[in-house]
There are 2 protein chains.
Amino acid sequence: MIEAAQNPVTTVMRALADPTRRAVFERVFESKEISVAELTRGSGVTQGAISQHLKSLKQAGLVAERAEGRNVYYRAAPEGLEPLVTWMDHYGVFWRERFQNLRDLLKEIDP
Amino acid sequence: MIEAAQNPVTTVMRALADPTRRAVFERVFESKEISVAELTRGSGVTQGAISQHLKSLKQAGLVAERAEGRNVYYRAAPEGLEPLVTWMDHYGVFWRERFQNLRDLLKEIDP
DNA sequence: TAGATCAATTAGTAAATACTAATGCATTAG
DNA sequence: CTAATGCATTAGTATTTACTAATTGATCTA
């Protein structure tokens, strides 16, 4: 079946469904800012593959970039996860299962 | 890159990344219990396709079934979303960005 | 300047995937 | 019993996708 112009939920899900690409996102997130070359190192795939994954992630709104000299630094854009959160919210998963955490988190933030 | 024995996050993400399959899950969820025939109606795809999607969803732990006579009734298993929740939890998306005022929320839930 | 490094893009390929049509196997109905 | 219905499964197909290798265009460096 075909969707008109691609639902954001679909875009984000598809971006994160691939293990390699998700690993890229995770590394970007942990690194605050990281170049393509460094991402390529230890990724197990070529630089070209990494660039392609970054393109997908960017289109999904999950990462942003900053060019500096011949490097391009990527950083995570967790707001891009919003469509997922909204979608899941609909299923009441958060409250029922994370109830405990809410109280803990609140204490932690503002004791 | 290859993952040993398929990460649950990957399984769930992949299951929900396809719009048709995700629509099936949504309908199952809304219906509390629904037969394959009824799911097929108005789905735009064949009964076989629906059965295949249900198989994926079941393997991902997102639905469960109950056979009765020649019908098989499916119901949602939102616990199957747990891997997603856990994964996303790691990015602090839920509480910090979704609710500006946790205190109000907590009061509202448990005054 | 000439070379080296960084990143994006392209062309090509093997594998995965979403589908259909057809078949088979139960179960129910006439 | 025979016909019909509900569902799963199979084989086959077109499309998508994740990758590599190679190229290009920058920018930095010796």
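Quick caveat, the model's predicted, so the values are computed rather than measured. Naming: A, B, ... by sequence-line order, numbering from 1 per chain.
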Fill in: Nucleotide dA8(D), atom P - distance to CD1 of Ile50(B) in whole Å
11 Å
Worksheet item: Looking at the rings of Tyr74(A) and Phe29(A), which for Trp means the six-membered one, are their centres under 6.0 Å apart?
Response: no
Discussion item. Rounded to whole Å, please give me the gap between CG in Leu54(B) and C1' in dC7(D).
Written reply: 10 Å
Response to the item:
CG (Asn7(A)) and CH2 (Trp87(A)) are apart, to the nearest 0.5 Å, by 11.0 Å
Worksheet item: Could you give the CG-to-C1' distance, from Asp18(B) to dT15(D), as a whole number of Å?
Response: 13 Å
Practice prompt. Let me know which of Asn71(B), Val63(B), Leu39(B) forms a side chain to side chain contact (heavy atoms under 4.5 Å, CB included) with Ile34(B).
Written response: Leu39(B)
Discussion item. Is the phosphate of dC7(D) approached by Ser51(B) (side-chain N or O, under 4.0 Å from OP1 or OP2)?
Written reply: no
Response to the item:
Taken to the nearest whole Å, NE2/His53(B) to C1'/dT9(D) is 15 Å
Item to complete: Check if the side chain of Gln52(B) and the base of dT20(C) share a donor-acceptor pair of N or O atoms closer than 3.5 Å.
Response: yes
Worksheet entry | Test item: Glu30(B) and Phe25(B) side chains (from C-beta on) under 4.5 Å apart, heavy atoms | no
Worksheet item: Hey, can you pull the residues of residues 61-72 of chain B with a non-hydrogen atom under 4.0 angstrom from DNA chain D?
Response: Arg70(B), Asn71(B), Val72(B)
N/O donor-acceptor pairs under 3.5 Å from side chains in residues 48-56 of chain A, not counting sequence neighbours:
unit_1, atom_1, unit_2, atom_2, d
Ser51(A), OG, Gln47(A), NE2, 3.2
His53(A), ND1, Arg21(A), NH1, 3.2

Discussion item. Which nucleotide wins on minimum distance to the side chain of Gln47(A), given the candidates dC7(D), dA7(C), dT20(C)?
Written reply: dA7(C)
Response to the item:
note: Leu57(B), atom CG; dA18(C), atom P; distance rounded to Å ~ 11 Å
Fill in: Flag, side chain of Thr86(B) to backbone of Glu82(B), donor-acceptor distance under 3.5 Å
yes
